[in-house]
Amino acid sequence: MLTPDIPAQEIWLIRHGVSIWNIEQIHQGQSPRDPGLAPEGKNQASAIGAKLKSERILSIHASPLPRAMETAGIINDNLENRTNIFYESGLKEISHGVADGISYQAVFKDYTDNWKAWLGREMEKSCFPGGESQARAQTRMTRTMFLLACHLSGKIKSPQNFYRQNYKIIVVAHGGVNKLFLAHVLGLPVKDNFDIHQENGCINILLWDGEKFLVKADDHGKPMINLTDHLNEHRMSPNIMI
């Protein structure tokens, strides 16, 4: 955490809203057939936009997968002052290769040993053919966030203009990579990302001090991770049913 007298850039890391495949219990990953948000997910994205409506948003950065792109667009549409949206491939969800785009029931039936390796928190190698390891996905996500923060803070081109005071940066990504990145920020082992919750439409508030990310704490000292109060009746994250 940071003390109040240290200047820092505030970055809101958001999980996309509920997707059609979340509800249909289909593993999404990086499938090109991703159909985007369900109506509930669109409501969640609108609720995030309403919360941010009067804030000064410098820019929005999103995964180029449809469910994240759609969430980012709806958030932007609800802002008083719309901003630019940039799509970053490094923010994509972790890929499970052959398992992307098929039902969880089929994954469990056809790739039982792979699924068990995943649940067993295998970090260093891909659990599914054609996929990526969690360790690699964490490195990719962390590098993307670091480069994004460095560029936007102006450190690379103008150290004198290091902070963009009173502006927020919005990042819209996915549950899996969000948890992996938060584990890195919190100094946890990669495998412990399983213990970090990320509901659809949640907000995580981070601080970038020019060298590293930290998790912002609320007035009671509680880390501002997986915030969902803004969703009210739109709070919804379907559980995986096997």
Side-chain angles (χ1 to χ4, degrees), residues 1-18 44-45 47-53 55-63 68 71-72 75 88 90-91 93-94 121 123 134-135 137-150 152-153 163-232 234-237 239:
M1 309 306 168
L2 291 185
T3 54
D5 59 331
I6 300 177
Q9 175 68 61
E10 194 167 293
I11 299 177
W12 287 33
L13 177 62
I14 294 167
R15 183 187 177 192
H16 63 80
V18 171
Q44 290 176 331
I48 298 168
K51 182 177 180 65
L52 288 164
K53 182 176 182 179
E55 298 286 351
R56 302 176 70 189
I57 308 301
L58 183 63
S59 56
I60 299 175
H61 302 261
S63 156
T71 300
I75 291 172
E88 318 283 351
L91 299 176
E93 182 60 292
I94 184 171
R121 306 193 180 195
M123 299 293 117
Q134 294 204 73
Q138 184 188 58
T139 298
R140 167 189 32 104
M141 178 70 173
T142 300
R143 181 176 183 273
T144 299
M145 292 292 290
F146 178 80
L147 292 175
L148 178 65
C150 282
L152 292 174
S153 66
Y163 298 103
R164 308 253 187 173
Q165 295 297 329
N166 301 318
Y167 278 94
K168 291 179 173 60
I169 297 165
I170 307 303
V171 177
V172 182
H174 305 268
V177 289
N178 282 8
K179 292 192 292 183
L180 287 164
F181 178 65
L182 289 169
H184 167 77
V185 174
L186 294 169
L188 300 174
V190 185
K191 64 181 179 63
D192 287 354
N193 83 86
F194 278 80
D195 301 321
I196 299 173
H197 297 293
Q198 286 291 279
E199 296 187 41
N200 287 105
C202 73
I203 295 170
N204 309 282
I205 303 182
L206 305 170
L207 298 172
W208 168 255
D209 69 357
E211 296 182 354
K212 61 185 178 298
F213 285 97
L214 301 102
V215 175
K216 187 174 182 179
D218 64 17
D219 293 339
H220 303 288
K222 182 179 178 181
M224 301 182 77
I225 291 176
N226 194 39
L227 304 179
T228 57
D229 288 350
H230 57 285
L231 298 178
N232 298 315
H234 301 304
R235 181 176 176 178
M236 176 189 182
S237 281
N239 292 320

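A quick note: this is a predicted structure, and the numbers were derived from the prediction, not measured.
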Check your understanding: Roughly how far, to the nearest 0.5 Å, is CD1 of Ile14 from CD1 of Ile170?
Key -> 5.0 Å
Study note, to complete from the structure: Those residues at least two apart in sequence (or on a different chain) that pass side-chain contact (heavy atoms from CB on, under 4.5 Å) with Ala47 are Leu231
Revision key, fill the gap. side-chain hydrogen bond (donor to acceptor under 3.5 Å, both in side chains) pairs touching residues 223-232, sequence neighbours excluded, are none
Exercise for review: Using side-chain hydrogen bond (donor to acceptor under 3.5 Å, both in side chains) as the criterion, point out the one residue from Gln198, Arg15, Lys179 that pairs with Asn204.
Suggested key: Gln198
Practice item. Taking all non-hydrogen atoms of both residues into account, name the closest pair between Thr142 and Phe181 and its distance. Key: OG1-CD1, 3.7 Å
Practice item. Could you label the plane-to-plane angle of the Trp208 and Phe213 rings as parallel, tilted or perpendicular, counting under 30° as parallel and over 60° as perpendicular? Key: tilted
Check your understanding: Can you find a heavy atom in the side chain of Lys168 that is under 4.5 Å from one in the side chain of Ile11?
Key -> no
Practice item. Tell me, please, which residues at least two apart from Arg121 pass side-chain contact (heavy atoms from CB on, under 4.5 Å). Key: Met123, Lys191, Asp192, Phe194, Asp195
**Study point:** Atom pair NZ/CH2 of Lys216 and Trp12 - distance to nearest 0.5 Å
**Key:** 8.0 Å
Review point. Rounded to the nearest 0.5 Å, how far does CD of Glu211 lie from CG of Leu214?
Key: 10.5 Å
Point to revise | N/O donor-acceptor pair under 3.5 Å between Thr71 side chain and Ala45 backbone | key: no
Point to revise | From CZ (Arg140) to CD (Gln138), nearest 0.5 Å | key: 11.0 Å
Review point. What distance separates His16 NE2 from Ile75 CD1, expressed to the nearest 0.5 Å?
Key: 12.0 Å
Review point. To the nearest 0.5 Å, how far apart are CD in Glu88 and CG in Leu148?
Key: 6.0 Å
Review point. Does the pair Leu186 and Ile225 meet the rule for a side-chain contact (heavy atoms from CB on, under 4.5 Å), with working shown?
Key: CA-CA 11 Å; Leu186 294 169; Ile225 291 176; 3.9 Å; yes
Point to revise | Min side-chain heavy-atom separation Ile203-Lys51 under 4.5 Å | key: yes
**Study point:** His184 side chain near Phe146 side chain, heavy-atom distance below 4.5 Å
**Key:** no
Review point. Does some side-chain heavy atom of Ser59 sit less than 4.5 Å from a side-chain heavy atom of Ile169?
Key: yes
Review point. Is there side-chain contact between Met141 and Asn178, with heavy atoms separated by less than 4.5 Å?
Key: yes
Exercise for review: Answer yes if the side chains of Gln44 and Asn200 hold a donor-acceptor pair under 3.5 Å, and no otherwise.
Suggested key: no
Check your understanding: Do you know the tightest heavy-atom contact between Val215 and Pro223?
Key -> CG1-CB, 3.9 Å
Point to revise | Audit row: Leu206, Leu182, side-chain contact (heavy atoms from CB on, under 4.5 Å) steps and yes/no | key: CA-CA 9 Å; Leu206 305 170; Leu182 289 169; 3.9 Å; yes
Exercise for review: Would you name the heavy atoms of Ala173 and Leu13 that are closest together and state the gap between them?
Suggested key: CB-CD1, 4.4 Å
Exercise for review: Provide the closest heavy-atom pair for Ala62 versus Ala72 in the form atom of the first, atom of the second, distance.
Suggested key: CB-CB, 3.8 Å
Review point. Is Leu180 close to Val190 at the side-chain level, that is, under 4.5 Å between some pair of heavy atoms?
Key: yes
